[in-house]
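Here is the naming used below: chain letters follow the sequence lines, and residue numbers restart at 1 for every chain.
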2 protein chains.
Amino acid sequence: MGETGSLRTTLHRHGMRVTPQRRLVLDAVRELGHATPDQVHRRVRSTARTVNITTIYRALDALEDIGLVRHTHLGHGAPTYSADEHEHVHLVCHRCGEIDEVPCDLLDDLAELLRRRSGFELDATHLALSGTCRGCRGTDDADHLERAVEETR
Amino acid sequence: MGETGSLRTTLHRHGMRVTPQRRLVLDAVRELGHATPDQVHRRVRSTARTVNITTIYRALDALEDIGLVRHTHLGHGAPTYSADEHEHVHLVCHRCGEIDEVPCDLLDDLAELLRRRSGFELDATHLALSGTCRGCRGTDDADHLERAVEETR
DNA sequence: GTAGATGCAAAATCTTTGCATATTG
DNA sequence: CAATATGCAAAGATTTTGCATCTAC
């Protein structure tokens, strides 16, 4: 009842209604960790066949408005949604596409720096950092090196 | 001839050809700082009316392949491309959409941390950090506070 | 009962692809 | 001349909108 209570009260506080579709969407997001609207749709459909993709988009928007889910852009494609409580920073390898997750508090120092320097309040729970993962580093370094050397002369 | 030389040699090294369209696209990206394919298209069109949006996409891909431009996802919409030399971190306000830019080296410590911890080589030049800008912090904080208080009881 | 949500179909975006033609090296 | 790039039209993919119907409260 805890989870449900949270959804119900949070929706009500914003003058929104509790519907089975919204419950299912929130459940799907929580179960999937992070997922695109399409993935959420598929998940929801496995329980309720008739739910339309339009409803998924609208439910995700609604849940995001009230702060129960967030979205992040992990790569080229569609945004991925995740539950509010599912907090971590994504490390996206631009080479192989692999996504690693690390705790948000690794960014505490940076957050403090940005706050002081620019008055910017970093939201580390939204974050995707791109770079090269351990596995790809060997090859990638070689590539860059070759290019850099040729470039210099 | 420096700029042009770089484009020419870099393209050639990858077995690609120098075309007016590619030059214009690269120029546009450099002039615009960061821009969506559509914005690049408009810019290029102001000089060469007939250049097709398809060509913009292909040119951006080509230039990205050879490392002269990169793209970042700043928000919901289209990716924005920027020139390789145009390095900075974007601070994207999820409230008002404003984009601030700060030097990459603010992330040096974090990069070192991630390298040691996860073997991940952070590419700070690709980066968009989301959060709340100074201007929006007042309102946003109030919002969160209200919500947090109600949530707790 | 009424405001708000859903489903469906259609439109709007954004991006990619196929192919004939044109251009670069 | 041969390999590549471009333009155009059409197809794909993703997301949004309009509207009639339905549902939560």
Which residues within residues 47-56 of chain A lie with some heavy atom under 4.0 Å of an atom in DNA chain C?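 Those residues whose heavy atoms fall under 4.0 Å from DNA chain C, taken from residues 47-56 of chain A in numerical order, are A/T50, A/V51, A/N52, A/T54, A/T55.
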
Taking [atom1] from [X] and [atom2] from [N], how many angstroms apart are they, rounded to a whole number?
X: B/H14; N: D/dA5; atom1: NE2; atom2: C1'; value: 17 Å
X: B/E64; N: C/dT16; atom1: CD; atom2: P; value: 11 Å
X: B/D65; N: D/dT4; atom1: CG; atom2: C1'; value: 14 Å
X: A/D61; N: D/dT14; atom1: CG; atom2: P; value: 17 Å
X: B/L11; N: D/dA5; atom1: CG; atom2: P; value: 8 Å
X: A/Y81; N: D/dT14; atom1: OH; atom2: P; value: 14 Å
X: B/H71; N: C/dC14; atom1: NE2; atom2: P; value: 16 Å
X: B/H73; N: C/dT15; atom1: NE2; atom2: P; value: 9 Å

Are [X] and [Y] connected, step by step, through hydrophobic side chains (Ile, Leu, Val, Met, Phe, Trp, Tyr) whose heavy atoms are closer than 4.5 Å?
X: A/L122; Y: B/L122; result: yes
X: A/Y81; Y: A/L11; result: yes
X: A/L127; Y: A/V29; result: no
X: A/I99; Y: B/L110; result: no
X: B/L114; Y: A/V92; result: no

Distance, nearest 0.5 Å, that separates CG of A/L129 from CG of B/L129: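 Taking CG in A/L129 and CG in B/L129, the distance rounds to 7.0 Å.
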
Below 4.0 Å: OP1/OP2 of C/dT16 and any side-chain N or O of B/Y57: no

So, does A/Q21 get its side chain near the phosphate of D/dT23, meaning an N or O under 4.0 Å from OP1 or OP2?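 Result: no.
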
Check this for me, if you would: do A/R70 and A/D123 make a salt bridge, where the nitrogen-to-carboxylate-oxygen distance has to be below 4.0 angstrom?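 Result for this pair is yes, salt bridge flagged.
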
Under the side chain to side chain contact (heavy atoms under 4.5 Å, CB included) criterion, do A/R43 and A/L32 qualify, and how do the steps go? CA-CA 9 Å; A/R43 180 75 165 212; A/L32 293 170; 3.8 Å; yes

Distance-only polar pair, side chains of B/T36 and B/D38, donor-acceptor under 3.5 Å: no

Reading nucleotides 19-25 of chain C 5' to 3', which nucleotides get B (base under 4.0 Å from a protein heavy atom), which S (sugar-phosphate only), which -? ----BBS

